[in-house]
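To keep things clear, I will list the structure first and then write my remarks on it.
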Amino acid sequence: MGRVIIFLLLSVAGSGAGAANLIASHTRLHELDPGQEAILVKALHEVSASRVNEALSDLRGLLAANPGFRLAQMVYADLLLSRAGPISEFGAVPFASHRQVEAFRDEARVRLRHYSAPPPADQIPSALVMLSAEQKYAVVVNMTTSRLFLYENRGGEPYLAHDFYATIGKNGTGKFSQGDQKTPVGVYFVTGVIEPDRLPDFYGSGAFPIDYPNAWDQRHGRTGYGIWLHGTPSNTFSRPPRDSDGCVILSNADLENIKKYITPGETPVILADGIQWVSRAEWRKQREAMAGIVEQWRRDWESRDTDRYLGHYSPAYAGLGMDYEAWVAYKRKVNNGKRYIRVALSGQSMFLYPGERSLLVVTFRQDYASDRNQRRFTKRQYWKQEADGRWRILYEGSVS
Amino acid sequence: MRTLIGVMLLFWTAMSHGAAADVQALIAGGRLEEALSRVDSDLAADKSDVTLQFLKGLVLTRLNRLDHAAEIFQQITDEHPDLPEPYNNLAVVHAARGDFEAAQQALRKAINTHPSYATAHENLGDIYAKMASQAYNQALELDEGNSTAKAKLALIGDLFSMPDPMGGAAAATEVAATRPRPEPRKEAPDTPARPEPVGPQRPEPAPSAPAIAETAAVATAQPEVMPATETQSTDATASPPAPSSADEIRSAVEAWAAAWSARNADGYLAAYSTEFMPPDGATRDDWEQARRERITRPRYIKVTMSGMNIVEHGPEHAQVNFRQRYESDAFTDSVRKTLMMKRTGSEWKIVEETLR
């Protein structure tokens with residue numbers, strides 16, 4: 001009898017059909033309620049303390065507003081069952097498959113973990129070395145904890161503005177080839193925005209493609225394409241922590257929320273397997289040190305001392321279709337006999353590449369002028385700290 | 001953490017069981033070791049006395065000698081499988097040891113003997129909640145302290161006899177584990193031998209209203225051993241007869257009802273001790289706010305009491321039973337209520353409030 005009732009409840013609430021559901025999902029798209037996860041976490045703590053009645057009442061409220069919150073649906077059904085008989089496990093309800101239960105449990109765990117062990121206060125992911133003035137916000141995803149952090153650039157320094165539960169690839173991280181259902185690890189930039197009316201419902205309230213595979217990925221022969229940040233289908237509040245084909249997925253409400261902070265062509269998206277946190281003081285030191293390295297390169301270029309300039313390039317360099325040898329020969333030729341070189345850099349940003357030891361992605365607008373020619377474009381460089389401790393350029397190219 | 005497990009008392013033989021009454025009195029006075037040696041020596045004379053066996057189990061439970069208590073209750077259930085109370089108490093002991101599976105089985109047996117046994121149903125619900133909690137803590141690596149490791153007992157050593165073996169001599173109550181143990185109490189003589197059916201949740205019966213539906217703090221009063229009343233009860237409980245404070249207690253309770261009737265929330269709330277634990281795990285502030293709202297919202301409230309019976313347990317504690325009739329423009333009901341009162345300075349305050 002009890003089970004019958006639960007089935008009925010779920011089939012009404014969970015199927016995504018029906019007017020009430022449509023209204024609820026519509027409301028969800030247009031109303032930001034960051035407290036939903038907090039309510040779930042509160043309810044789970046109530047269960048932990050055997051306060052099942054309180055948990056049920058919190059979940060009822062949560063589900064009335066978010067019928068597509070399937071994890072909450074399952075917990076609710078479990079607790080209803082537990083009123084009539086003993087339940088011996090998370091996901092005791094008969095309708096959930098083992099795989100679904102595992103996925104729900106993982107989602108519950110990562111959501112809970114964020115509350116029990118929030119990121120350290122006023123510490124900054126070391127990957128965010130420097131933001132340009134155009135980069136008002138930066139996105140950092142800790143894929144290990146399924147959390148997306150949105151940093152605001154205030155006077156050149158990052159401050160945590162929001163954080164959200166996020167889903168990544170079914171097979172985890174470290175994308176290598178097309179179809180491997182992994183999410184890449186690296187420094188990426190949002191390349192565009194796709195509005196929901198141009199997308200199937202599957203992508204929810206919109207999508208932001210990123211520039212995977214970037215120059216570093218291509219250098220390593222990584223393939224695949226179409227890595228996006230996007231939302232969830234209208235009947236689904238959230239997806240399990242590892243459920244995408246490689247994209248990063250937020251709830252529709254959360255995606256709506258970050259829309260206004262994202263600037264295509266500017267906003268960095270750091271996808272990482274973990275975050276190294278540094279204090280603000282350490283962060284400032286790191287920024288100065290890194291800025292100094294690039295500045296020395298600029299000066300040495302202006303000095304027209306080709307050996308000093310080429311000293312900034314690694315023997316492993318490859319860029320603009322040239323390997324190191326070709327690059328050196330080319331530079332020696334073009335720099336020879338110039339009377340002056342003027343290089344101005346602006347709009348500089350720098351990010352440490354997650355998953356790599358001491359790899360720095362530097363982007364800037366470069367104004368170059370010599371007595372022979374003049375060019376202006378946006379350049380991206382990959383700097384690597386080599387065995388002798390010196391940072392050298394492995395790659396440089398223009399950003400289209 | 002709140003604990004909702006009560007311990008039943010059972011006397012279905014020996015209307016005037018002198019030995020049992022003495023042990024009762026010792027328990028009531030908190031003299032547990034003495035109670036234990038007394039019950040042991042009485043049992044030496046008559047091993048088969050199930051009332052004494054039951055009391056022994058109770059004393060051992062209160063002494064936290066749970067393994068031994070479990071043995072005793074197990075033995076009683078083996079010999080008297082038709083009685084629900086020993087099963088219930090066995091479940092309480094199992095739960096206190098963290099063995100919810102065994103607790104659950106014992107409660108199911110209690111219910112099988114008496115399908116309408118409300119206390120066992122309630123306890124079973126609590127065990128299910130504990131089991132759900134345990135399952136979730138394990139799956140999600142949650143840990144609220146060690147709250148779910150064991151269901152701590154809050155023993156209420158209600159001692160009273162019942163002449164009717166089928167009378168469901170129930171005295172369960174909900175008590176927080178952190179709360180000082182209420183003194184044992186004697187039940188009133190003017191109450192029915194059977195528990196009143198617990199109704200559906202009522203909009204505004206009493207402060208412990210939610211407890212009715214959720215936890216049913218059942219405290220079924222039983223007639224005294226003797227047809228006579230208070231004089232006997234004081235004899236049975238307090239060794240040195242203390243001067244009676246019955247008049248003070250009565251006027252404290254009347255003041256409480258009067259403040260309620262006058263919709264004077266401050267006066268009403270002032271009647272509760274700082275030790276009073278709001279029902280259902282609510283915080284004091286939330287409870288006060290809810291009460292304030294309930295008391296001030298109706299246009300009129302009339303609370304009348306009848307059949308008041310006061311049983312003092314020593315100079316500082318008393319139990320007051322009465323029938324409470326509540327009437328307002330929105331709602332009317334009549335319930336049996338038990339207030340546990342404690343002397344705080346010169347005043348008597350409510351430390352516990354149960355409905356049945």
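Below, chain A is the first sequence line, B the second, and so on; all start at residue 1.
Within the 4.5 angstrom heavy-atom criterion, no atom of A:Val101 approaches chain B. With a 4.5 angstrom heavy-atom cutoff, A:Leu112 touches chain B only via side-chain atoms.
Separation of atoms OG (A:Ser82) and NZ (B:Lys130) is listed at 11.5 Å; rounding is to 0.5 Å. For the atom pair A:Ser50 OG and B:Ile127 CD1, the distance stands at 9.5 Å (nearest 0.5 Å). Between A:Glu89 atom CD and B:Met131 atom CE the span is 11.5 Å, to the nearest 0.5 Å. Atoms CZ and CG, from A:Arg111 and B:Leu140 in turn, are 12.5 Å apart once rounded to the nearest 0.5 Å. Note that CG of A:Leu79 is 10.0 Å distant from OG of B:Ser133, once rounded to the nearest 0.5 Å.
Heavy-atom minimum distance, B:Asn137 versus A:Ser48: OD1-OG, 2.6 Å. Between A:Arg109 and B:Gln138 the shortest heavy-atom distance is NH2-O, 4.5 Å.
For chain B, the option among A:Ser88, A:Ala108, A:Gly85 with the highest count of heavy-atom pairs below 4.5 Å is A:Gly85.
For the pair A:Arg83 (side chain) and B:Tyr128 (backbone), a donor-acceptor distance under 3.5 Å is absent.
In this structure the side chain of B:Tyr136 reaches within 4.5 angstrom of the side chain of A:Asp78, judged on heavy atoms.
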